[in-house]
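Everything on this sheet refers to the single structure shown next.
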Amino acid sequence: MIQPVSYNPASFPGYPQNAQALPAPVQPGFFQAAAGNYGYPTPPGVPMNAGPESPLSAFPRISPFEHQFQQHRVDSNGLWSYQARNNGKRHFLSMEALFARYQNPGGALIGNVGTQSYLGMVEDELIDATDDEYFDQFSENTGLPYFDQKYFNNVPKLNAPGFRLRWGWYNDDESGFEFTGWWITRADSDWSAIEQSTHKPNPANQAIMDILLSPPNFIDPAGTGVVSSIPGVTTAQVNEVLQNELMNLGGLPLDDGTVDGVTVPYDLDFRVKSVSQAWGTNATWLSTPIVDKKALKVRGLAGARYMQVREGFSFVGRDSGLLYSDATNIAGIRPDLKLFSLPTGTDENEDGIIDNAGVVEDDSTGGGTTGTSTAFFVAPVDPVTGQPVQPYTTWVNNTVDTHLAGPEVGFQFDLGGDKFKIWGQTKVGIMANQEKIKLNGDNVGMGIRADPDDIDRPKALIDATPGNPNPNAFSDSQSHTHVSPMFEQSIFMEMAIFDKVPVLKRMKMLEEAKLKVGYTYIVAGEIARPYDSIRWQGMPTRGLFPSIDVERESWSVGTWSVGLDWLY
């Protein structure tokens, strides 16, 4: 507010009558013109800023804007320190894309621990069908698998994308509050033993295989090894297809109630699938800085968290139900024996088939004997019902749904300034863990056995009937509540770089934004894992089915992140 008032200096004694009129002195409460070497001098006898103080005076009088926040304290050297801020409550918002990797199943065995291997189970039969030297080439060379037991570490890494949103505010005293929510998509990781097989299925053979795998009686039940007739296809052609399509894939070790157990061989398919998914949210209170230096702040944290983890796995094994050997080296079929050439990946007998099923190819060392190009395939027959073993599929699914909720504490550090900052959080918590486990499956047992009265090798699977098409199916479920520890470590880097990038610096939404990159690692203990929480039993004819046997260990997920952060 300026109100100029003119006056005549000639009214003062001693001034010339022709003196130029000067502006009148500013009344109290109005702007005072600068005095000095420019403009008109201050009239003599009129004091500058005369009159009572006005609450609305501009410079050089006192500002009307007082500090909204003041902090007085004694610092570490015993002197008083003082801070004042006019910022008010400052909000922050960040949105980030996540690139996560769930913890893998680890090296757990797929099946029962302590069960004898398939090679050990058929040792006598294999030696009788061939010779000691042939058996030794498998047993002494671990690079030559013979329906070997498999482990979950074959499953590829569990990678998945996700999203995280963080919002909150800082108060004038640097305390604050934040809400965080994150979600990671489901990771599906598959592994098939066919990938490691030295020979692969031939698409040209699939039409014949579809007929051969369709029951009933695709193999002559008389035990002569003669394949049932297929219109337009000779027995020799069928024999060749089976030699090529049946594969030395993997074995599933089971507790069948005997001392050593059994390892079930699968010659058509052996697959494992692992699934993981997680999401969570938390609310956290941030204390005033415990350490408050120019470029370093350390705050305490306290809050609550909820997190959900879903894990599961499935196993699928398909078997032809056949026993087979070389027609030259064996006079009759031998129990449990599926004879294969050494899995060298080469066609030693030059019959166009790599590592034949049912035929022993000669190798370069001279071990073993070379048989004819004809193999001997037989489906074992139940002496009571007269029915041969049919192709069958074993499958097992196990899922664990885990809910974690509870308090957490920790600290946050901030290192840097407005243009560049590195900060992170460390949190520990005690979570209430509510978990639900579901297990189901079918046909878990030594399916190539048919005689229910055999003392050494009794029939394991129950025959299906029209009234009960799935007599070997099973299911189990359990729920538990207990306590799980939780730990989270995160570190981020924020950079104000958008004002240096052409085009981007003109975008309104990026004016106050910072680039944010970081890494977060979450680990929770005492988590039931679906891979280890199974009692692998398999003898349905004697009432033995797989069941839940809870095993708990740690679970973790690590996430790289990139996104934008706003402070407003």
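All heavy atoms count here, side chains included; hydrogens, waters and symmetry mates do not. The structure presented is a predicted model; accordingly, all values stated were derived computationally and were not measured.
Under the 4.5 Å side-chain criterion, counting only non-hydrogen atoms from C-beta, Phe147 is in contact with Asp267. A heavy-atom distance below 4.5 Å is not found between the side chains of Lys150 and Val272. Within the 4.5 Å cutoff, the side chain of Glu435 has heavy atoms near those of the Arg552 side chain. When side chains are defined from C-beta on, Thr258 does not count as touching Met539, because their heavy atoms never get closer than 4.5 Å. Gln412 is not listed as a side-chain neighbour of Thr284, based on a closest heavy-atom distance of 4.5 Å or more. Looking at Ile437 and Pro530, their side chains never come closer than 4.5 Å, going by heavy atoms from C-beta outward.
The distance from the NZ atom of Lys438 to the OG atom of Ser475 is 10.5 Å, given to the nearest 0.5 Å. If you take CD1 on Ile184 and CG on Leu158, they are separated by 11.5 Å, rounding to the nearest 0.5 Å. In this structure, the separation between CE on Met307 and CE on Met431 is 7.5 Å, given to the nearest 0.5 Å. Between Ile194 atom CD1 and Met247 atom CE the span is 4.0 Å, to the nearest 0.5 Å. The distance from the CZ atom of Phe163 to the CH2 atom of Trp182 is 14.0 Å, given to the nearest 0.5 Å. Here Lys338 contributes atom NZ and Leu246 contributes atom CG; the two are 7.0 Å apart, rounded to the nearest 0.5 Å.
Relative orientation of the Phe270 and Phe315 rings is perpendicular, given thresholds of 30° and 60° on the angle between their planes. Classified by interplanar angle (parallel below 30°, tilted 30° to 60°, perpendicular above 60°), the ring pair Phe179/Trp167 is parallel. Below 30°, between 30° and 60°, or above 60°: for Tyr521 and Tyr519 the angle between ring planes is below 30°, a parallel geometry. Ring geometry for Tyr146 versus Tyr118: interplanar angle of 30 to 60°, hence tilted.
Under the salt bridge (charged side-chain N to carboxylate O under 4.0 Å, His left out) criterion, Asp476 pairs with no residue, sequence neighbours left out. For the salt bridge (charged side-chain N to carboxylate O under 4.0 Å, His left out) test, no residue two or more places apart in sequence or in another chain qualifies with Arg542. Listed by chain and residue number, Phe474, Pro540 satisfy the side-chain contact (heavy atoms from CB on, under 4.5 Å) test with Phe545 (two or more places apart in sequence, or in another chain). For Ile497, the side-chain contact (heavy atoms from CB on, under 4.5 Å) test picks out Met495, Leu515, with sequence neighbours left out. Listed by chain and residue number, Phe138, Leu144, Pro145, Thr198, Asn248, Asp355 satisfy the side-chain contact (heavy atoms from CB on, under 4.5 Å) test with Pro343 (two or more places apart in sequence, or in another chain). Asp532 pairs by the side-chain contact (heavy atoms from CB on, under 4.5 Å) definition with Ala108, Arg529, Glu551, Glu553, not counting sequence neighbours.
Across all non-hydrogen atoms, the minimal contact from Asp255 to Leu544 is O-CD1, 4.3 Å. In plain terms, the two heavy atoms of Leu254 and Gly538 that are nearest each other are CD1-CA, 4.2 Å. Contact between Lys293 and Lys297 at its shortest, heavy atoms only, is O-NZ, 4.3 Å. The two residues Asp256 and Val262 make their nearest non-hydrogen contact at OD2-CG1, 3.2 Å. Minimum interatomic distance between Gln116 and Gly261 (heavy atoms only, all atoms of both residues): NE2-O, 3.1 Å. Val400 and Thr402 get closest at one heavy-atom pair: CG1-OG1, 3.5 Å.
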Assess the residue pair Arg186 and Val275 against the criterion (side chain to side chain contact (heavy atoms under 4.5 Å, CB included)); give the C-alpha distance rounded to whole Å, side-chain angles, the decisive distance to 0.1 Å, and a yes or no. CA-CA 7 Å; Arg186 195 176 87 168; Val275 175; 3.3 Å; yes
Give the intermediate values and the outcome of side chain to side chain contact (heavy atoms under 4.5 Å, CB included) for residues Val444 and Asn472. CA-CA 7 Å; Val444 178; Asn472 302 299; over 6 Å; no
Intermediate values then yes/no, side chain to side chain contact (heavy atoms under 4.5 Å, CB included), Val396 and Trp536: CA-CA 10 Å; Val396 177; Trp536 288 95; 3.9 Å; yes
Test side-chain hydrogen bond (donor to acceptor under 3.5 Å, both in side chains) on Asp401 and Gln308 and set out the steps. CA-CA 8 Å; Asp401 196 356; Gln308 184 175 7; 3.0 Å; yes
Apply the test side chain to side chain contact (heavy atoms under 4.5 Å, CB included) to residues Phe152 and Trp191: give CA-CA distance (whole Å), side-chain angles for both, the deciding distance (0.1 Å), then the verdict. CA-CA 9 Å; Phe152 280 106; Trp191 175 79; over 6 Å; no
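Under a 3.5 Å cut-off, the side chain of Asp319 and the backbone N or O of Gly321 do form a donor-acceptor pair. Between the side chain of His482 and the main chain of Glu526, a donor-acceptor pair closer than 3.5 Å is present. Counting only distance, with no hydrogens or angles, the side chain of Thr281 and the backbone of Thr180 share a donor-acceptor pair below 3.5 Å. One N or O on the side chain of Gln489 and one on the backbone of Gln425 form a donor-acceptor pair closer than 3.5 Å. Using modelled atom types, no side-chain atom of Glu123 and backbone atom of Leu119 make a donor-acceptor pair closer than 3.5 Å. Side-chain atoms of Asn171 never come within 3.5 Å of backbone atoms of Asp173 as a donor-acceptor pair (strictly under, hydrogens ignored). The backbone N or O of Thr394 sits nowhere less than 3.5 Å from a side-chain atom of Asn443 that would complete a donor-acceptor pair. Under a 3.5 Å cut-off, the side chain of Ser189 and the backbone N or O of Pro156 do form a donor-acceptor pair. Put simply, the side chain of Lys514 gets close to the backbone of Asp418: a donor and an acceptor are under 3.5 Å apart. Using modelled atom types, no side-chain atom of Lys273 and backbone atom of Asp188 make a donor-acceptor pair closer than 3.5 Å.
In this structure, a donor-acceptor pair under 3.5 Å is present between the side chains of Ser556 and Gln103. No hydrogens or angles considered: nothing links the side chains of Thr559 and Ser561 as a donor-acceptor pair under 3.5 Å. For the residue pair Glu174 and Thr288, no side-chain donor N or O sits within less than 3.5 Å of a side-chain acceptor on the partner.
The pair Arg271-Asp190 does not count as a salt bridge, with every side-chain nitrogen at least 4.0 angstrom from each carboxylate oxygen. Look at Arg535 and Asp549 and you find a salt bridge, because one of the NZ, NE, NH1 or NH2 atoms lies within 4.0 Å of a carboxylate O, short of that distance.
The neighbour count for Lys200 NZ, taken as heavy atoms of other residues, nucleotides or ligands under 6.0 Å away, is above 12.
Paired with Phe92 under the rule ring-ring contact (aromatic ring centres under 6.0 Å, His included), one option of Tyr170, Trp169, Phe177 passes, and it is Tyr170. Each of Ile110, Thr263, Thr115, Leu109 was compared with Leu252 under the side-chain contact (heavy atoms from CB on, under 4.5 Å) criterion, and only Ile110 meets it.
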